[in-house]
Amino acid sequence: MPMNEPLIDAHAHIWRASAQADAALLRRAAERYGISRIYVSCLGSHRPGPQEIDECNRLAAGLLSDPLFGGYVTVAPEQPGALDVLRRGVETQGFRGLKLWVSCLCDEPDCDPLYDYCGKWGLPVLVHTFAKTVGQLPGESTAVHLRRAALRHPETNFLMAHLGGNCYHGLPLVTDLPNVWTDFSGSGCRMDDLPYALDLLGPDRIVFGTDMPGSFAMSYGQVLSAGLKPEDRRKILSGNARRLFEGRGEDAL
Amino acid sequence: MPFDFGLFAGRWPFRRLRKGELSHRFAEAPEGGLAASLDAIFYNDPWEADAPLLAALEGTALLGAVTLDAGLPWAEGRLREAARAGARALRLYPGIHGYAPEDAAPLCRLAGELGLGVAVTARMEDARLEYLLRQKPVEPRAVKALAEKCPGTQFLLSNFYLSELCGLEGDNLWADTAGLCHGLFPFENLSFPRERLLFASFSPLQCRESALLNLPEDAAFLAENTSAFWEACYGKS
């Protein structure tokens, strides 16, 4: 059931322990649903060491010869040599963005050199954010942390994942920050999250993401149920991602 | 479109529902569904919300589920009244109303005698997002134990996650698909009897479109399951 419209998934993963199987699932989903491009990062444990980070990035980089895939380089900012990992990922391995997960909070000073680099080269920073009432991890950022980072680095574009995890907690914190974008991947299939995001942010800073191999239907169903205006739908499904990753306007669609 | 066992109408106290009205449910599920009141979950006397719901559903494609707190001393009398008013199922929320599933056995036995199915709701929303009301987890094994105590009643495990359903089986156990929204192609990884699966969207809390998108290409079996469920409840499809 291809969706017959340009569709860019700005937030997907392969997992270190199941990278090949995950990549196969992503390709199968792309074929079934008509996804034109998927931006992936590879994740492993919550606190990865240098070897694990290196392995994850090699696994993700291995996908980048396929035009279906774009990629984020995964970095653990608190590790020595983090900036080198980012540089190598961008300048040698072909990644187009930086992914931060849960190894440390995204407003830690260790992150600043990474954000400077991304701002200089126009690379988006995808930050896992989730405000949970149960199971919050010590290094798991929320919109509170992201706001601090984004204020310190106004030249860097941040992609706040999962609408902040709980959109009612996260989105009001970033409405005034033009360098914070958001995706609605993995945020559950709540009916009204996307309309709420549109009310607060407008259509220009929301990008489509799925958290695959998490789920495609969860995110795309939100688009279908939101009753979007055609021009907003185009922006959210592909136009905004093109601007974010390529600096290209909607006329490039 | 399959019959939708997880439809709701009303207000949800924690966020604005843009499509909460019953008219939205009629529009999105013309092929039929089982609707319950969201307001009834929180009312001291849920009948104040259920009576008008059942009246509004009369003669429509949607059937009504009555909401009861099994801990209420007059729950059995209210269940009889609801059956007379046309309710076709009982929906329970042990995680919100705060009782162990097995404590609902007398009410559930009565539901079976009245020809009503019993939907035991695992959750209404993702527990990680509930910062005003925290539902207690509903243990799937406890619902299975409840079902074993009430062999004359059909039980629908409602909005349980895939991992919670795997390996659960019982002569009178069914499960809905509302909690299968996680993962790609979730039906391929489900270890639950396929002939006991019923479609549910949990609209308007969850996106009905997401639930439909996740269905396998051979989803026609859900219609047969729907007939089988109602037949098991009251002897005809």
Side-chain angles (χ1 to χ4, degrees), chain A residues 1 3 9 12-13 21-33 35 130-137 140 142 162-170 184 186-196 198-199 210-227, chain B residues 6-9 11-21 24-25 27-28 38 123-137 159 161-162 177-189 200-217 219:
Chain A
M1 93 186 62
M3 300 308 175
D9 182 351
H13 301 292
D22 291 342
L25 270 176
L26 265 53
R27 287 189 172 100
R28 187 177 157 204
E31 188 174 339
R32 175 164 183 188
Y33 299 118
I35 308 169
F130 219 116
K132 298 172 180 168
T133 55
V134 290
Q136 191 83 26
L137 298 166
E140 191 163 27
T142 70
H162 317 307
L163 301 177
N166 184 341
C167 63
Y168 301 99
H169 175 278
F184 48 101
S187 55
C189 37
R190 288 201 296 191
M191 173 93 83
D192 296 294
D193 283 7
L194 182 55
Y196 179 73
L198 271 164
D199 283 350
T210 63
D211 218 14
M212 288 194 298
S215 173
F216 175 85
M218 198 183 280
S219 301
Y220 197 75
Q222 291 188 55
V223 174
L224 295 178
S225 71
Chain B
L7 294 174
F8 298 88
R11 290 162 298 180
W12 187 239
F14 316 106
R15 58 189 174 92
R16 175 187 162 205
L17 298 178
R18 287 162 174 79
K19 297 179 183 174
E21 301 294 324
H24 291 111
R25 302 294 81 75
E28 72 185 2
L38 291 171
R123 58 184 56 80
M124 294 301 281
E125 299 214 271
D126 185 328
R128 297 172 301 174
L129 307 179
E130 295 177 320
Y131 57 90
L132 292 178
L133 169 81
R134 300 196 185 172
Q135 302 175 48
K136 292 179 184 170
N159 209 3
Y161 293 147
L162 186 144
T177 61
L180 306 185
C181 51
H182 302 275
L184 280 169
F185 315 117
F187 285 77
E188 296 177 9
N189 300 312
S201 66
F202 263 52
S203 175
L205 293 180
Q206 297 180 183
C207 293
R208 184 172 150 89
E209 290 78 359
S210 298
L212 290 168
L213 273 171
N214 257 337
L215 290 179
E217 290 177 11

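Computed from a predicted structure; not experimentally measured. Residue numbers begin at 1 in each chain, while the letters A, B, ... track the order of the sequences.
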Report which part of B/Leu205 has an atom under 4.5 Å of a heavy atom belonging to chain A: side chain, backbone, both, or neither. backbone
Please flag which part of B/Phe202 lies under 4.5 Å from any non-hydrogen atom of chain A: side chain, backbone, both or neither. neither
Nearest atoms (heavy-atom pairs only) where [X] meets [Y]:
| X | Y | value |
| --- | --- | --- |
| A/Thr133 | B/Ala127 | OG1-O, 2.8 Å |
| A/Gly221 | B/Leu213 | N-CD1, 3.8 Å |
| A/Met191 | B/Gln206 | CE-O, 3.7 Å |
| A/Leu224 | B/Glu209 | CB-CG, 3.7 Å |

Enclosure of B/Arg11 CZ (heavy-atom neighbours >12, cutoff 6.0 Å): no
Taking everything shown except A/Gln136 itself, do over 12 heavy atoms lie less than 6.0 Å from its CD? yes
Heavy-atom pairs under 4.5 Å with chain B are the metric here; pick the option from A/Leu25, A/Asn166, A/Asp192 that has the most. A/Asp192
What residue, out of A/Tyr168, A/Phe216, A/Tyr196, has the most heavy-atom pairs lying under 4.5 Å from chain B? A/Tyr168
Any B/Arg16 side-chain heavy atom under 4.5 Å of A/Asp199 side chain: yes
Would B/Leu184 and A/Arg28 count as a side-chain contact (heavy atoms from CB on, under 4.5 Å) here? Give the steps. CA-CA 10 Å; B/Leu184 280 169; A/Arg28 187 177 157 204; over 6 Å; no
Applying salt bridge (Lys or Arg N to Asp or Glu O under 4.0 Å), can you list everything that pairs with B/Glu130, at least two apart in sequence or on another chain? none
Main chain of A/Ser225, side chain of B/Lys19: is a donor-acceptor contact present, judged purely on distance under 3.5 Å? yes
Only counting residues at least two apart or in another chain, list the ones meeting side-chain hydrogen bond (donor to acceptor under 3.5 Å, both in side chains) with B/Asn214. none
Apply salt bridge (charged side-chain N to carboxylate O under 4.0 Å, His left out) to residues A/Glu140 and B/Arg128 and explain how you reach the verdict. CA-CA 13 Å; A/Glu140 191 163 27; B/Arg128 297 172 301 174; over 6 Å; no
